Amino acid sequence: MKLKENLQSAIIKQAYAYLEKEPEKNLPKLLDLVEKLDAAGTYQSQLAQVRQVLTQPNNNWYQLVQSLWTDIDAGVRQKLFENFIINANFLWAPRRQEAEKLYGCNIPWTILMDPTSACNLHCTGCWAAKYGNLMNMDLTTLDSIIFQAKELGIHMFIYSGGEPLMRKADIITLCERHNDCVFLAFTNGTMIDEQFVEAMLRVKNFVPAISVEGFAGHTDSRRGKGTFQRIYAAMQLLKQNKLPFGVSCCYTSQNVASIGSEEYFDWIIQMGAKFCWIFTYMPVGNGAPTDLMASAEQREFMYHQVRKFRETKPLFTMDFWNDAEYVGGCIAGGRNYLHINANGDIEPCAFIHYSDSNINDKTLIEAFQSPLFMAYRKGQPFNENMLRPCPLLDNPGRLTDIVEKSGAHSTDMQMPEDVRQLSDKCREKAELWQPTANRLWNCHACGGFCQKDQK
């Protein structure tokens, strides 16, 4: 199998070198090659969509693809193509599938992990804000996680925290040690400086997703005065150095109109971002304010806005909740990803702080086979309506059952949160969202004809 993987990688790399000479002309030929090598048809639908985009020069997706050649450093572009397109997706997918069959458990596409709980900001509603520098995973542990994951075919890793760039040196070291992987970090952006940009240009396999809550007023109100200006400077620095980056936006009851506006999306694109990940606020942690949770009307607003802009803006945008239909429901519990906090606790999701395994005591495979993760696997999808994917926010009682039956415990070090209390905080929003979600899902199923009939 190893020989076959190396041969396929060499063929695609050679084809990519050919592509670089005339990308607009040769990209369809590269797709032909990838399609032939994808004997199992794993990426058939995705390849068909890309092929369709490339036949429409005025298409926003075509413009986004072409911008990768005008806006991104050539060396970085090549390294990310090799690590993200080939390794994280195409080449190693069969190994993940084989491991899933062998071990009878979920094998994720990516692992989200926290190098530290420390952060230089104290954002409203953020569970990490209260931990300070209480938890850290040392370099050896982080390195071990990556080595174990690569044996299973995982080559995509995401850092969160805390603020992961509090551990800049270790993050760059891991990029160097594992130059066949791609690393992304959810960062507040305030620690991105010229020295770190130089390191990014050297390793070529690190991409930041900068957290921003809208324009200056909303961002500073949640993240602290002056934060927006520092983020602005970081984005300018990345763009000037032709480094790829994206944004991570959390919409709340207070900023949803701003985040969902065309003005905001245009600003993101103007700043040079190539992707946008959208989340909704979750009241995780004792004392987390519930009034920041979005209403059903606000969540529906984001549903429509993201879909509209995805058809018109040269920006790859995904909504962590409202786009679950594209990934078959909840992706947590190792189905597509999982979370390892800075204490080593292996959690099913960044928003689900319960665990029955720790990386210091178990291997990744042992954790994937644990009662908590197997309960997730058995329960997914948690709802046939893919607009209600989450066992916490959308399906009251599902997370409670999973946690209690698996014997998982709260991983909050200071004030452990009872899962029933957490679920109760989300119950009202779930019940209010249900009729809206059902209406949208039924409309989606009929192709929108129900709306056309009403006009």
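Source: prediction; values computed, not measured.
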Q: For the residue pair Ser410 / Asp412, report whether a side-chain donor-acceptor contact shorter than 3.5 Å exists.
A: no

Q: Quick one: does Asp345's side chain have a donor or acceptor within less than 3.5 Å of a partner on Tyr354's backbone?
A: no

Q: Residues in side chain to side chain contact (heavy atoms under 4.5 Å, CB included) with Lys79, at least two apart?
A: Glu82, Asn83, Asn179, Lys204, Asn205

Q: Distance only, no hydrogens: is a donor on one side chain within 3.5 Å (strictly under) of an acceptor on the other, for Asn59 and Gln56?
A: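 Yes - a donor-acceptor pair under 3.5 Å links their side chains.
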
Q: Could you check whether Tyr303 and Trp433 have their ring centres less than 6.0 Å apart?
A: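 Ring centres of Tyr303 and Trp433 not closer than 6.0 Å.
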
Q: What orientation do Phe351 and Phe320 show, parallel under 30°, tilted 30 to 60°, or perpendicular over 60°?
A: tilted

Q: Please check if any side-chain donor atom of Asn343 sits under 3.5 Å from a side-chain acceptor atom of Asn341, or the reverse.
A: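 On atom types as modelled, these side chains do not qualify, holding no pair under 3.5 Å.
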
Q: Check whether the ring centres of Phe279 and Phe186 lie less than 6.0 Å apart, and answer yes or no.
A: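 Ring-ring flag for Phe279/Phe186: true, centres closer than 6.0 Å.
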
Q: For a quick test of reading the model, state the closest non-hydrogen atom pair linking Leu387 to Arg299 and the distance between them.
A: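 Looks like O-NH2, 3.3 Å.
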
Q: Indicate yes or no: at least one non-hydrogen side-chain atom of Asn255 is less than 4.5 angstrom from one of Tyr281.
A: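 The answer is no; the side chains never approach within 4.5 Å.
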
Q: My understanding is that only residues two or more places apart in sequence, or in another chain, count here; which of them pass side-chain hydrogen bond (donor to acceptor under 3.5 Å, both in side chains) with Lys308?
A: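 For Lys308, the residues satisfying side-chain hydrogen bond (donor to acceptor under 3.5 Å, both in side chains) (neighbours in sequence not counted) are Gln305.
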
Q: Please indicate whether Arg420 has more than 12 foreign heavy atoms, meaning atoms of other residues, nucleotides or ligands, lying under 6.0 Å from its CZ.
A: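 No - once you tally the heavy atoms of other residues, nucleotides and ligands closer than 6.0 Å, there are 12 at most.
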
Q: Do any side-chain atoms of residues 422-431 form donor-acceptor pairs under 3.5 angstrom with protein atoms, and if so which ones, sequence neighbours left out?
A:
residue : atom : partner : partner atom : Å
Lys425  : NZ   : Pro283  : O            : 2.7
Lys425  : NZ   : Gly285  : O            : 3.1
Lys425  : NZ   : Glu417  : OE2          : 2.7

Q: Using the six-membered ring wherever Trp is involved, compare the ring planes of Trp61 and Phe316 and label them parallel, tilted or perpendicular (cut-offs 30° and 60°).
A: perpendicular

Q: Would you list the atom pairs, donor with acceptor, under 3.5 Å between side chains in residues 232-247 and any protein atom, with sequence neighbours excluded?
A:
residue : atom : partner : partner atom : Å
Lys239  : NZ   : Gln270  : O            : 2.7
Asn241  : ND2  : Leu237  : O            : 2.8
Lys242  : NZ   : Thr70   : O            : 3.4

Q: Could you go through residues 139-157 and list every donor-acceptor pair under 3.5 Å that involves a side-chain atom there, pairing it with any protein atom two or more places apart or in another chain?
A:
residue : atom : partner : partner atom : Å
Thr141  : OG1  : Asp138  : OD1          : 2.7
Asp143  : OD1  : His178  : NE2          : 2.6
Asp143  : OD2  : Arg177  : NH1          : 3.1
Ser144  : OG   : Gln148  : NE2          : 3.2
Gln148  : OE1  : Leu364  : N            : 2.9
Lys150  : NZ   : His178  : ND1          : 3.1
Lys150  : NZ   : Asp180  : OD1          : 3.0
Lys150  : NZ   : Asp180  : OD2          : 3.4

Q: Treating Arg398 as the side-chain partner and Phe382 as the backbone partner, does any N or O pair qualify as donor plus acceptor under 3.5 Å?
A: yes

Q: Looking at side-chain heavy atoms only, is the closest gap between Asp323 and Arg310 below 4.5 Å?
A: yes

Q: Can you confirm whether the side chains of Ser160 and Asp114 place a donor and an acceptor under 3.5 Å from each other?
A: yes

Q: List the residues meeting side chain to side chain contact (heavy atoms under 4.5 Å, CB included) with Asn89, not counting sequence neighbours, and say none if there are none.
A: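 Per chain and number, Asn89 pairs via side chain to side chain contact (heavy atoms under 4.5 Å, CB included) with Tyr43, Phe84, Trp109.
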
Q: Do you know the tightest heavy-atom contact between Gly328 and Met386?
A: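 Smallest interatomic distance, heavy atoms only, reads C-SD, 3.5 Å.
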
Q: Are Phe196 and Phe206 an aromatic pair, judged by ring center distance below 6.0 Å?
A: yes

Q: Please confirm whether the backbone N or O of Met191 pairs with a side-chain atom of Lys168, one donor and one acceptor, at under 3.5 Å?
A: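 Here the side-chain-to-backbone pair exists.
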
